[in-house]
Protein chains: 2
Amino acid sequence: MTTSSGDASSGLGPGAPGGPAKRATILDVAAAAGVSRQTVTRAMNAMPGIRQETRERVQETARQLGYTPSRFAKGLVQGARTSVGLAIPDLTNPYYPAFASSVVELATQRGWHVVMDDYGHGGATGVESVQHLAPQVDAVIGYLGGAADEAQAILGRRPLVVLDQPAGSASGGITFDYAHAARTALEHLQARGCRQLAYIDRAGTDHGAPEPVHDGGPRPGPGPVQGVVTVRGQAFARGAAAAGVALAVSVSPESAAAARQVTRRLLDEHPGTDGIVVFNDLMAAGVLKALADSGRAVPADCAVIGMDGIPLGELLTPELTTLALDLREVGRAAVELLDGLLTGSLNPAGPGTELVLRHQLVLRQSA
Amino acid sequence: MTTSSGDASSGLGPGAPGGPAKRATILDVAAAAGVSRQTVTRAMNAMPGIRQETRERVQETARQLGYTPSRFAKGLVQGARTSVGLAIPDLTNPYYPAFASSVVELATQRGWHVVMDDYGHGGATGVESVQHLAPQVDAVIGYLGGAADEAQAILGRRPLVVLDQPAGSASGGITFDYAHAARTALEHLQARGCRQLAYIDRAGTDHGAPEPVHDGGPRPGPGPVQGVVTVRGQAFARGAAAAGVALAVSVSPESAAAARQVTRRLLDEHPGTDGIVVFNDLMAAGVLKALADSGRAVPADCAVIGMDGIPLGELLTPELTTLALDLREVGRAAVELLDGLLTGSLNPAGPGTELVLRHQLVLRQSA
DNA sequence: ATAATTTCCGTGAACGTTCACGAACTTGTA
DNA sequence: TACAAGTTCGTGAACGTTCACGGAAATTAT
């Protein structure tokens, strides 16, 4: 502008000098190219009704000015592309990536964007995650670990699909038939001849549990059951009681290393244990280590059944028998449920639509 | 609408009848509550200058109408909250979640949102992923597997941080010192007394390779090296040549199962192999399986070194020695680099700032 | 009682884009 | 030449929110 030389805006436009280089707008491009807003729009969006030469000139001008259309202005006038929030407690836990991958894939197929929040590492809760996502998304899918009502309140009318917890007032929910899983596992172990069973539960309450129960009723067996606080754990305790089989229960933080230690103690207290079911495959990996530590052969001396069926199981030694969940299928169920909610074939305001999925026993070496 | 009763909007507002229930705006709320736009804004955003009673009344009205402020209108007037795109080839590969988790955590700390794209499953490329993300984000971090220039062109002035490939015209890049990694691994194996080494490379070119070379120069050893196409593979081939050590190279698709098969063939062709380095830990798991299949003891008969240091390695039997990368640290580096680019302390237009990280040998049982 | 604050609330403007429409220019045809 | 039809481009309006400012009402001070 102030220079007398002719070649203004040579290559870089703003950026080098002065302040933070105020963002170029469509008007800047229009002015620089000697056309109107609408022509710039036509050039940038591959619309008809513009001469090829003009289009190229405008595009070049836009490039030189570093022009990027404001997604806000565009969204405001065109109506939102839907974007869904995905709340995950811990991507580091191999259970979740498989699920998340599926959600992202199917959401992308529908033209949605996925805003991901991996809230566990910051020590946040599921509700806080929803709070963080809320202003940015049109819907949320998530493993919140409870408080579905509160989360739905934050989202207002926008649909919320929660997993592995009662839907409550949430628009939709996907749960798992743990009673069926427990029955399947226990029957398999019994058929195998196991008589001294144990279950390793995860420590830390999952807020999905209906009541933080101490199982005040008749103790189903000799094992300690007081610590059982997850819904999975309750299902196994009840399943064992129903089947009239002894079940020792230990509780461990959700990691292989922790499960290894807990299992060592369990084996000290119950040396005759000959069958163990574990909260999930990751912890089962630690259980296998502990059994190896103690010199026991798997499955000869003690059988092990994991849960969830993550790919890791196949790589362990021995390969892990597990109550598998097709995590891509879980993701598909969540996305399709949300799709129904969004397109209105399902009513978000109505009572939460619940979908129940079942684990399937995958026999490998460990049991 | 058709009813004569007076109680309009009782509890649910729109939604039940008619069409897709046009979205409620701030003006609807203002009218329903008998106040102005600005008062609604004040009520919804916890701003001062409003009576508590009014605030509650407005909030209740908003709730009843299912009002959710438009993120586009808000963004337009307030200036963008920055949101970054995260392009990941395959969340199912345990390498990436650890990285992604770190990125999400640190981005959230900065108040950014993360739009995730897991582009591999759809058969898309990194560039297509960037294309998909571009209209929605202010910057991109990603493993693109090449074509950084093209991706940067799509983003215009918006910063792009690429990983594990030359930055090219991208604003920033993070690469790994594979020459150092190769040297470390080979030296360790030699010191261990291994004499017949092998390297299992990943099939499929990573476009980051400077030239799709057939290594036309003098063959560094007896092993077949023609298939080496990844930068990692080249580093190992060169490292072996420099150290004057024989190195057989096999190529396998990126999965444990595939690596298992390839390793079986390798062992048939080179039965004397007593040390194997693998492209990554996931494939190394398959290599361990193959060695077990062949009746070889690890590390007594053959040592194995993996690469990248994912948590899986500790759970294998034997536990995997690996050239570990602190993936959370990689995420941190990417985010901090991007932060510099965004806040302007680094110049996005300038030549890409490259950062080189090093693998560290973590000794466990397998070597 | 009047003035000086303070509290509360409303109105014009602006953010950057696309849509709907119309004007100007070009080409083809009688 | 004149008219129709097509091509290319520009202008007002609208999307829904917040900001800056100003006015009215309620409260306190003089």
Side-chain angles (χ1 to χ4, degrees), chain A residues 14 20-59 61-62 65-83 134-138 156-158, chain B residues 14 20-59 61-62 65-83 134-138 156-158:
Chain A
K22 197 155 170 12
R23 195 191 166 97
T25 84
I26 200 175
L27 290 175
D28 300 328
V29 179
V35 296
S36 72
R37 295 168 312 188
Q38 184 62 18
T39 298
V40 177
T41 291
R42 283 190 267 253
M44 301 298 291
N45 299 3
M47 293 170 139
I50 182 177
R51 194 166 34 187
Q52 181 61 22
E53 177 221 314
T54 314
R55 169 164 312 183
E56 284 166 5
R57 182 164 46 92
V58 170
Q59 286 177 339
T61 309
L65 265 58
Y67 166 68
T68 306
S70 153
R71 66 173 176 278
F72 297 109
K74 188 174 279 199
L76 186 55
V77 61
Q78 286 188 325
R81 297 231 58 50
T82 78
S83 81
Q136 200 70 2
V137 302
D138 306 303
R157 285 232 185 325
R158 290 171 291 176
Chain B
K22 196 154 170 16
R23 193 191 167 98
T25 84
I26 201 173
L27 289 176
D28 300 327
V29 178
V35 295
S36 72
R37 296 168 312 189
Q38 184 62 19
T39 298
V40 176
T41 291
R42 283 190 267 253
M44 302 297 292
N45 298 5
M47 292 170 139
I50 182 177
R51 195 165 34 186
Q52 182 61 21
E53 176 221 315
T54 313
R55 178 178 313 242
E56 283 165 6
R57 181 164 48 91
V58 170
Q59 286 177 339
T61 309
L65 265 59
Y67 166 69
T68 306
S70 154
R71 65 172 177 278
F72 298 108
K74 189 175 279 200
L76 186 56
V77 60
Q78 285 188 326
R81 300 229 56 49
T82 78
S83 81
Q136 200 70 2
V137 301
D138 307 302
R157 287 234 185 324
R158 289 171 290 175

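A, B, ... follow the sequence lines: proteins, then strands. Residue 1 opens every chain. Note that the structure is predicted; figures quoted are calculated from it, not measured.
Note: CE (Met44(B)) to P (dT18(D)) measures 9 Å, nearest angstrom. Rounded to a whole Å, the CG atom of Leu27(A) is 13 Å from the P atom of dG12(D). Rounding to whole angstrom units, CD of residue Gln78(B) and P of dG16(D) are separated by 17 Å. Rounded to whole angstrom, the span from the CD atom of Gln52(A) across to the C1' atom of dT8(D) amounts to 13 Å. Note: CZ (Arg57(B)) to P (dC8(C)) measures 13 Å, nearest angstrom. Look at CZ on Arg37(A): it is 15 Å from P on dA20(C), rounded to the nearest Å. If you take CZ of Arg23(A) and P of dA14(C), they are 20 Å apart, rounded to a whole angstrom. Here the C1' atom of nucleotide dT7(D) and the CD atom of Gln38(A) are 15 Å apart, to the nearest Å.
At distances below 3.5 Å, at least one donor-acceptor pair connects side-chain atoms of Arg158(A) with backbone N or O atoms of Val137(A). Of the possible donor and acceptor atoms, one in the side chain of Arg57(B) sits under 3.5 Å from a partner among the backbone N and O of Ala33(B). Checking side-chain atoms of Ser83(B) against main-chain N and O of Gln136(B) turns up a donor-acceptor pair under 3.5 Å.
A donor N or O paired with an acceptor N or O is found under 3.5 Å between the base of dG10(C) and the side-chain atoms of Arg42(B).
In terms of position along DNA chain C, the nucleotide closest to Ser36(B) lies nearer the 5' end than the nucleotide closest to the other residue of the pair Ser36(B) and Asn45(A). Mapping Thr25(A) and Val35(B) onto DNA chain C by nearest heavy atom places Val35(B) at the nucleotide closer to the 5' end. Comparing Arg51(B) and Leu76(B) against DNA chain D, the residue whose closest nucleotide sits nearer the 5' end is Leu76(B). With the nearest nucleotide of DNA chain D identified for both Ala73(A) and Arg55(A), Arg55(A) has the one nearer the 5' end.
Within the 4.0 angstrom heavy-atom criterion, only backbone atoms of the sugar-phosphate kind lie near Ser70(A); the bases stay farther away. Nucleic acid contact for Met47(A): sugar-phosphate only, since backbone atoms but no base atoms lie under 4.0 Å from a heavy atom of the residue. As judged by a 4.0 angstrom heavy-atom cut-off over every strand, Thr39(B) is placed among residues touching the sugar-phosphate backbone only.
Ion pairing between Asp138(A) and Arg71(B) holds under the 4.0 Å rule for side-chain N and carboxylate O.
Contact annotation: Thr54(B) reaches the phosphate of dC9(C) (side-chain N/O to OP1 or OP2, under 4.0 Å).
With Tyr67(B) as the partner, the side-chain contact (heavy atoms from CB on, under 4.5 Å) test is satisfied by one option alone out of Asp28(B), Val58(B), Ile26(B): Ile26(B).
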